[in-house]
Amino acid sequence: MNNLMRIDGLSTHFFTEDGEVKAVDDVSFRVREGETVCIVGESGCGKSVTAMSIMGLVESPGGKVTSGSIEFQGEDLLQLDKHTLRSMRGHELAMIFQEPMSSLNPVIKIGEQIMEPLRVHLKLNKKEARAKAIELISQVGISRPEQIADSYPHELSGGMLQRIMIAIAISCGPKLLIADEPTTALDVTIQAQILDMLRQFKADSGMSILLITHDLGVVAEMADYVIVMYSGKIVEEGEVVELFSNPKHPYTRGLLKSKPVINQRQEELYSIPGQVPNPLELAPSCYFHDRCEHCMPVCRSKQPVLQDVGNGQKVSCWLYEEALIHA
Amino acid sequence: MSTYLTKRLLYMIIILFGASLLIFCLYASTPGDFITGNIKLTAERKAELREIYGLNKPVLERYGLWMKNALHGDFGYSLAQQKPVLQLFNDYIWNSFLLAAVSTFLTWVIAVIIGVVSAYKQYSWFDTLVMVAIFAAMSLPSFFIGLFLIKILAVDLKWLPPGGIITTGSNATGWEYIKEVVRHMALPVIVMTLLGLGSLTRYFRSNMIDVLRQDYIRTARAKGLRERKVLFTHALRNALLPAITLVGFELPALFGGSLIIEKIFNWPGIGQLYMQSFGLRDYPLLMGFTMFIAILTVIGTLLSDLLYRIADPRVRLQ
């Protein structure tokens, strides 16, 4: 499979009154054609900022991509002029968000909101765009599409709105769909339907998906490749089966351990002790060290680098560097 | 919808009756009456005149009489001017309306534009400049700005006439007349626009800042829409929604005149007439004018509710 997108050394920083926050710090990964890559991590670990950096929608002023490259189909998105990048957004790069209820404009009809990218990117006229919009609405499994096209967002449920968001995202046949926690705000039965739908569209069109989530159930169901982020850095990545059956990083292990398992009723669910470190007070160290049960002196003073540990798995942890040195 | 309207109209009538009673009692209980101030009259003559004007009757009886006539469309004669109240309104209100309409229009257009731009460029030098200017404009009293501009533009530079609606003794007609009025309007309109601009710009700026943070703006950008389209189609429509409520207040303000501005620029508007009548306790005129503003206020409120219903699909009226 060819690479669709290759991110190299991406850093996105926010400049706040209290100091500089490295929301995304030297992150590199790639998404191959037709592949689903999941980025997992707690809130504030930089997964959404990574997505917004790809889209070129980092909040500004305040946030800025400070270094790195995002090569998409052979072109560096960060070097493109505004106009070219805008013409790719919603066309080759599409995105859906966490909150379907607030992601659509409350005073514009659903149909018109679907028509907008069709008119801008595919240059359809009003009539063609409307026909296509209605077709898209029925494609995302909503009945009475014409009536829905003429209704407003508040008249639809959260699940239906997320379907509409998907309809907008796939309307121009994107190569990459970025889904930022697409099912977090929805109830479980709807979650499954939405994920099924994403899989279906991926199979039909061959697009790649970059799925951002904190839900390991979703990861297991959707991902080909998994990236685990912590405090703006990648701590572990690998093929989904490998990573789930053989997690290396203590943080990944902790995450997998804290997932409830059906049929195993525990008195208390496992949770990783401690808190995510304050992003303003990060010193050179493994950022996970004060929550880690295997913490060694070196973890407090030096940052481990992402190392290949075989089986296509990479991990950034001193435990494995030691092992490599001794081997 | 029609039940809603019927209900609203019924409420409006009840409110207006209540308001008229309250206003009448308030005017009646202010010390003195139309006769008191006239020092040339003897005590007997005063009593006689009070008898003629019916000012010695109990308040409620006077109110009943006023209401009976008002319901027949008769708002009485001004005691001081000896002209029908409605005719006086017609003579003065349109002058006030002219000033208010032009300055309100300018205020809204300029406030929306500056508000949108400074929200979009929040914390830029432009935004900072706007915020400082707004603060200055809101802090200065109208008489100061008015007199200051008269000093600069009318007295020193002699660009614009300092007051009045036409040049004294002029009998221009047609185009010449219109040009003259426009020249005389310029200063009061500038002052009124400056005065209204501050708070409204701040209002639109903060609405727009709120809206620009919304998820649907992010969606619009993620769709690859032009920034202009994101701003004016997606953001501005939502930012303008709460301003519809203000329309309800603007309606009475359009016809209500402006006491201070009309006084400073010697503009023959209803505001000046009202102030003069209040000093003289010219009850029929005071009552007629206040009721007129009350009627416009309730109509304005209804209008803004209906407009909201049209502009925001989420609003249901019942």
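Lettering follows sequence order; numbering is per chain, from 1. Note that this is a predicted model, so its numbers are computed, not measured.
Atom CZ of B:Phe249 has 12 or fewer neighbouring heavy atoms from other residues, nucleotides or ligands inside a 6.0 Å radius. When the shell of 6.0 Å around CZ of B:Phe135 is examined, it contains 12 or fewer heavy atoms from other residues, nucleotides or ligands. Annotation for A:Glu135: atom CD counts as buried by contact number, over 12 foreign heavy atoms lying within 6.0 Å. In B:Ile260, the CD1 atom is not crowded: 12 or fewer heavy atoms of neighbouring residues, nucleotides or ligands sit closer than 6.0 Å.
Looking at B:Leu241, only its side chain comes within 4.5 Å of chain A, counting heavy atoms on both sides. Looking at A:Met165, only its side chain comes within 4.5 Å of chain B, counting heavy atoms on both sides. With a 4.5 angstrom heavy-atom cutoff, A:Met52 touches chain B only via side-chain atoms. Interface remark: A:Ile168 contributes side-chain atoms only to the contact with chain B (heavy atom separation under 4.5 Å).
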Any donor-acceptor pairs between chain B and chain A, under 3.5 Å? If so, list them.
unit_1   : atom_1 : unit_2   : atom_2 : d
A:Arg86  : NE     : B:Gly224 : O      : 3.4
A:Gly90  : N      : B:Ala222 : O      : 3.1
A:Ser102 : O      : B:Tyr216 : N      : 3.2
A:Ser102 : OG     : B:Asp215 : OD2    : 2.5
A:Ser103 : O      : B:Thr219 : OG1    : 2.7
A:Asn105 : OD1    : B:Asn238 : ND2    : 2.8
A:Asn105 : ND2    : B:His234 : O      : 3.1
A:Asn105 : ND2    : B:His234 : ND1    : 3.0
A:Val107 : O      : B:Arg237 : NH2    : 3.3
A:Gln113 : O      : B:Lys223 : NZ     : 2.7
A:Glu116 : OE1    : B:Lys223 : NZ     : 2.8
A:Glu116 : OE1    : B:His234 : NE2    : 2.9
A:Glu116 : OE2    : B:His234 : NE2    : 2.8
A:His121 : NE2    : B:Lys223 : O      : 2.8
A:His154 : NE2    : B:Pro313 : O      : 3.4

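Judged as a ring-ring contact (aromatic ring centres under 6.0 Å, His included), and not counting sequence neighbours, the contacts of B:Phe144 are B:Phe148.
The minimum heavy-atom distance between B:Ala311 and A:Val107, with the atom names listed, is O-CG1, 4.1 Å. The shortest non-hydrogen separation linking A:Pro106 to B:Pro313 is O-CG, 3.5 Å. Minimum interatomic distance between A:Met95 and B:Ala222 (heavy atoms only, all atoms of both residues): CB-CB, 4.5 Å.
Of all the listed residues (A:Cys172, A:Gly90, A:Ala169, A:Pro153), the one sharing the greatest number of non-hydrogen pairs under 4.5 Å with chain B is A:Gly90. When A:Val120, A:Leu93, A:Ile108 are compared by the number of non-hydrogen pairs under 4.5 Å with chain B, A:Ile108 comes out ahead.
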